[in-house]
Structure formats: C-alpha cells, structure tokens
Amino acid sequence: MSIELRNISKHYGETRAVDEVSLVVPDEVQVLVLIGPSGGGKSTLLRLLGGLEVPTSGEVLYQGRSLGTEESNLRQFRRKNGFLFQQFNLFPHLSALENVMLPLTKVHDFSAAEAKDRAMSGLERFGLQAHAEKMPAQLSGGQQQRVGLARAMAHQPGLLLLDEPTSALDPEMKAEVLEVIDELCREGQRIILTTHEMGFAKKSGDQLVFLSRGKVIDVSEGTAFFESTDSPEIKGFLEKVMKW
Amino acid sequence: MAKSVFSTAVCLVLGTTYCFVLWIVLSHDYDWEAIQPYWKNLLSGWWMTILVSAAALLLSILVAALLTAGQMSAHRPPRLLSRVFVEFVRGTPLLVQILLGYYLVANSMGWDNRFWVGVVILSLFAGAYLSEIFRGGIESIPASQWNSARAIGLSDSQTYRHVVIPQAVRRVLPASAGQFANLIKDSSLLFVISVHEFTMQARETNANSYATFESYLPLAIGYLALTLPISLFSRRLEERYRYEH
C-alpha cells in the first residue's frame, strides 16, 4: 500500500481528533484495518488518508509522494480512490444506476453509453441488476451500501476506503455487505477500513491499527491481532467487544 | 372529549361566519346592468394582472437566484449587499416600495413605462422573499450529501449542479408556488402608480357605476380563479415531496 504518516494531527477547535500520529504502512499490506473505541479518531484518520480532510499539521505520503494541502491536488487524489461511509452515501434524487453513472460521466469522462454499461456490470457484480432503476429510498440498507460499493468501485479505484460500512445495518444485511467486501479483499483490492467487526478485521486485515483518543496505541501485523499486546486499553476494549 | 368540544366550537364559529357572509352576498339586490359597459375593462384588467404577474415571476426567479448566490457567497461584500437588500425589502411595505420605486427612482431615471416599472418593483420584492426560500432549500441539503459528492471527486460547482440544486429545487417548489400566488395578489397594489391591472379597473368601474358589490365581487372571484389552482398545485407538490422521502 505504501503509506507513511509523518506526525499528523487534526484538530477541530479544542478537540484533537488525531494527535501526532506517525505510521508506516508497507507496500505488501493490501488491507489496512483501523479499530478502536468510537470517537477515538478512526474515521478522521481514514478521511485524512483519503484526502477528504487536510491535516492541521504533519504530512501524509502515498507511494512516496506527499498529498499536500491544495484542494485541487487532493481532489485529483480522491478521484483515483473510492469511498463508502456508514450511511447516506447515495444521492436520493438519482436511481441506483444513475448514482453509479454520475462519477463515471462527470469525473472520469466516460460517454453516457460506456458509463451505463460499466455501471450495469458493476451492479450485476454486486447482485443488484434487478434494482438498477430503483430510487435509494426503495432499497434496503444493505442494498444501498452495495450500490455505494458499486459506485466506489466503478472506476477501478487504487484505494477503496470504507468508513464503518456496516455499522448502520442489521445483522443479516451486515453479513451481505461484509461478504462483498471480503470478496474484494480476495480479489486483491487495496482497502482501508474502519470497523467494529472484530471477526472481519482479524480475518481480512493485513495490518491492524488500534486508535484511541487520537493516538495510535498499537499496530499489529497479520494474524497476531493484538494477542500479545501489553496495552491494558486494547485488552479491555477487545474483552468488551468480543464478550457478546 | 376536549377535542370534540373544540372542533364543534370551530365548526360553529366558522359555520356562522360563512352563513353570515353568504347571506350578505346573496341578499344583496344586484344590478349587473350597471357594470355592463365596464365588463371589457374588468376583463382586460384581469388579463393585465396575469401578464404583470407572469413577467414578474420570471424576473423574480432571476433576482432570487442572484440574491441567493450573493447571500451564500464565500466573500463578505456580496453577502452583505444581498443581506441589506433582502432586509430592506422584508422590512418595508410593498406599497412604500412601489411609491419610492416609481416616483423617486424611475422618475429620476426618466423611465415612465408603468407596466415595466411595476414588473421590476414586484420582481425585486418577490425575488427577495423567494431568495430566502431558495437559501433555506440549499441549506437543508445535509452535509452528508456534500461529503459523498466530494468523495466521488465532484468539484464544488459540479456538486451544486448535479447534487445540491436538483434536490433543493424539489424541496422549494411548494413554497415557491405559494410565493407566486402572493405575487398575483400583491400586483393589486400597482394601481397606485396607475398600472391598469385588475384592481385598478374594478376601482374605476365602481367609481363610474356606483355599483360597489358588482365591481368588487368579480374582483375577488377573479383573483381566486388565479390563486386557488396554484394553491392546490402547491399542496400536491408538498404531498409528493413528503412521500418521496
């Protein structure tokens, strides 16, 4: 993946959402998972990594190059990537198909016909061909997230950034979306993900980062999954989330 | 129990009032012959009201778009200038604006086309109110939509064009339709600068025929014939919007 964070901070007024974080994500890491308690800085860090936020201080390097702070550079970077948030990803006035087509025609310069073909095959891939003409309000939460994934994947993004993509879903829909994400992982898609799904994090993550109070508490490579961590905070957190 | 007492009271009060008004209207000894010579004037006044309102509607949308852009601008001067204009319009009576606009501004510019002066004053007035509706509509689009639009790589202007404005238009349509109904009624004040619209013609008919009822009853009905369909249409839009979300 090749990402480096150099002493990066993001403050919102008095709140230090991300506080002097330094981190190296080596090239061989394909799936990076950010975990930790709510409000610990996971989402903000993901948004900084995706170029959706400008750091208050510090620097994000992707494949050796700084993302900088210029909106136009950041927009260029965002265009190469795909995002999916917890909820309200889709534009409610456009059908599922139009939602997937919009970035293809307006950002990636596809003709309407090409965009439609590509969007349809994306929707098919995620089992949504029958819902192409439906409006977001007519789709279930799980279907909406899958349309969001189809949109994020339609231009073959370099990085796919997922911010708690299943947190707003009931268990059945959660499973349906996690399966699709797992498939993308197996296909070799580079993914950065924040999640509370520890089972999924353990199974799919190549590198796991535990964040709390805006700081990186520990980093775990591969399957070790904080089993040998010394941090009482991580132990306490894992005990709590694994208990039920 | 209290509810049914209340609704009975409402029905009683309103029902009595309606009956009383209906009795006045029906018991009057009408002399339609008296206004016979002026029917043509009334009709042409009605038509003039439609023309003034339609022209002012189109122009007011332009004015509102400009004021909305000004009020939402990232720069302070356009924001301030638009705000001052909107506050002036909302804080003074339309009648005063018409008098000032015609006798002070238009006269000093040597502009004497009452129709167009009237249209411009009305559209500035309606545009200020409409711009508040537009602004409310745009600001009602949640931050998550902006977030999604940025995430897929849309620029700010693309976000307005493809995401924010299409959604805002749906939201402001009912209120804007209501504003258009107001515009039709407000155009009645243009009689003070002698625009030969509906109200002016009714006043003249009354002055010439001394038939007050016969002059003003068609006036009320004529306005209702224009505003009722708009009001019904606006309600239907509101309902449709409610089911869409």
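Just so we're on the same page: letters track the sequence lines, and every chain starts at 1. Worth knowing before you read on, the calculation uses all heavy atoms, side chains too, and leaves out hydrogens, waters and symmetry mates.
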Tell me whether [X] at atom [atom1] has more than 12 heavy atoms from other residues, nucleotides or ligands lying less than 6.0 Å away.
X: Arg65(A); atom1: CZ; answer: no
X: Gln63(A); atom1: CD; answer: yes
X: Tyr12(A); atom1: OH; answer: yes
X: Gln156(A); atom1: CD; answer: no
X: Trp47(B); atom1: CH2; answer: no
X: Arg161(B); atom1: CZ; answer: no
X: Glu187(A); atom1: CD; answer: yes
X: Phe233(B); atom1: CZ; answer: no

For [X], is it the side chain, the backbone, both, or neither that has a heavy atom closer than 4.5 Å to a heavy atom of chain B?
X: Leu90(A); answer: backbone
X: Glu71(A); answer: side chain
X: Leu102(A); answer: side chain

Legend entry - Nearest-0.5 Å distance, NZ of residue Lys106(A) to OG1 of residue Thr159(B): 12.5 Å
Inset, instruction - Find the distance between CZ (Arg75(A)) and CD (Gln158(B)) and round it off to the nearest 0.5 Å. - result: 7.5 Å
Inset, instruction - Output yes when Arg150(B) and Glu53(A) qualify as a salt bridge under the 4.0 Å nitrogen-oxygen rule, no when they do not. - result: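 The answer is no: the pair does not qualify as a salt bridge.
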Legend entry - Pairwise side-chain contact, Val164(B) with Phe91(A), heavy-atom cut-off 4.5 Å (strictly under):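 No, too far: nothing below the 4.5 Å cut-off.
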Inset, instruction - Side-chain contact test, heavy atoms from C-beta onward, threshold under 4.5 Å: evaluate it for Gln87(A) versus Ser144(B) and give yes or no. - result: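 Heavy-atom side-chain distance check fails, nothing below 4.5 Å.
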For the pair [X] (side chain) and [Y] (backbone), establish whether a donor and an acceptor sit closer than 3.5 Å, ignoring hydrogens and angles.
X: Ser148(B); Y: Asn89(A); value: yes
X: Arg79(A); Y: Gly153(B); value: yes
X: His93(A); Y: Arg170(B); value: no

Inset, instruction - Provide the closest heavy-atom pair for Ile152(B) versus Val107(A) in the form atom of the first, atom of the second, distance. - result: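 Looking at all heavy atoms of both residues, the shortest contact is O-CG2, 3.6 Å.
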Inset, instruction - Give the intermediate values and the outcome of side-chain contact (heavy atoms from CB on, under 4.5 Å) for residues Phe85(A) and Asn147(B). - result: CA-CA 9 Å; Phe85(A) 306 105; Asn147(B) 200 21; 3.9 Å; yes
